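Written out below as structure tokens is the structure these notes cover.
Computed from a predicted model, the values in this text were never measured in an experiment.
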Amino acid sequence: MIRYELTYLGRAFVASSIILLLLSAIFFMSNQDLSNTMGDFTYFFLVIGVLLVGAGKLPDDDESEDQEHEDSDKIPQKS
């Protein structure tokens, strides 16, 4: 359950980084200091989001063992 929450939180960070990147591009002509600061925040939001999504996608140890047993049952055996 926690892994799904990490994935959704990571997606929120990635979406926020895209919005910040667009705002940074908009403010580039008028205020470059603000644009650079937003660019820095964009980078960190993107890194955090990707790490959280990656952590949410890692398989659980219990589930992978059960899946291995289920996969071995599906293999046809010659008699």
Side-chain angles (χ1 to χ4, degrees):
M1 188 62 136
I2 289 274
R3 295 196 186 258
Y4 294 116
E5 293 173 4
L6 286 177
T7 302
Y8 291 130
L9 183 62
R11 289 179 182 176
F13 271 98
V14 170
S16 299
S17 70
I18 292 170
I19 293 169
L20 280 172
L21 183 65
L22 291 172
L23 289 174
S24 175
I26 290 170
F27 286 122
F28 183 71
M29 288 301 201
S30 62
N31 192 351
Q32 287 188 356
D33 291 334
L34 178 63
S35 177
N36 288 336
T37 303
M38 288 178 128
D40 293 341
F41 279 111
T42 299
Y43 175 75
F44 290 121
F45 271 48
L46 188 62
V47 168
I48 291 169
V50 168
L51 289 176
L52 287 174
V53 169
K57 296 288 184 178
L58 291 176
D60 290 334
D61 292 335
D62 299 334
E63 291 178 8
S64 62
E65 289 176 3
D66 293 339
Q67 190 173 5
E68 287 176 7
H69 294 297
E70 290 175 8
D71 290 341
S72 65
D73 295 339
K74 295 178 183 177
I75 299 173
Q77 298 180 1
K78 296 180 182 179
S79 47

- Task: For residues Ser24 and Gly39, report the shortest heavy-atom separation together with the two atoms involved.
- Result: OG-N, 3.9 Å

- Item | Cluster check Phe44, Val50: I/L/V/M/F/W/Y, side chain < 4.5 angstrom | no

- For the atom pair CG (Asn31) and CG (Asn36), what is the distance rounded to the nearest 0.5 Å? 9.5 Å

- Distance (rounded to the nearest 0.5 Å) between Ile19 CD1 and Thr42 OG1: 10.5 Å

- Minimal non-hydrogen separation, Phe13 against Gly49, with atom names: CB-CA, 3.6 Å

- Compare every heavy atom of Arg11 with every heavy atom of Val53, then report the nearest pair and how far apart it is. CG2-N, 3.7 Å

- Query: Is Ile48 reachable from Leu20 through a run of hydrophobic residues whose side-chain heavy atoms are each under 4.5 Å from the next?
  - Reply: yes

- Query: Quick one: do Val14 and Leu21 end up in the same hydrophobic cluster if we chain Ile, Leu, Val, Met, Phe, Trp and Tyr together by side-chain heavy atoms under 4.5 Å apart?
  - Reply: no

- Do Leu52 and Thr7 have side-chain heavy atoms sitting under 4.5 Å apart? no

- If you take all heavy atoms of Ala55 and Leu6, which pair is closest and at what distance? CB-CD1, 4.3 Å

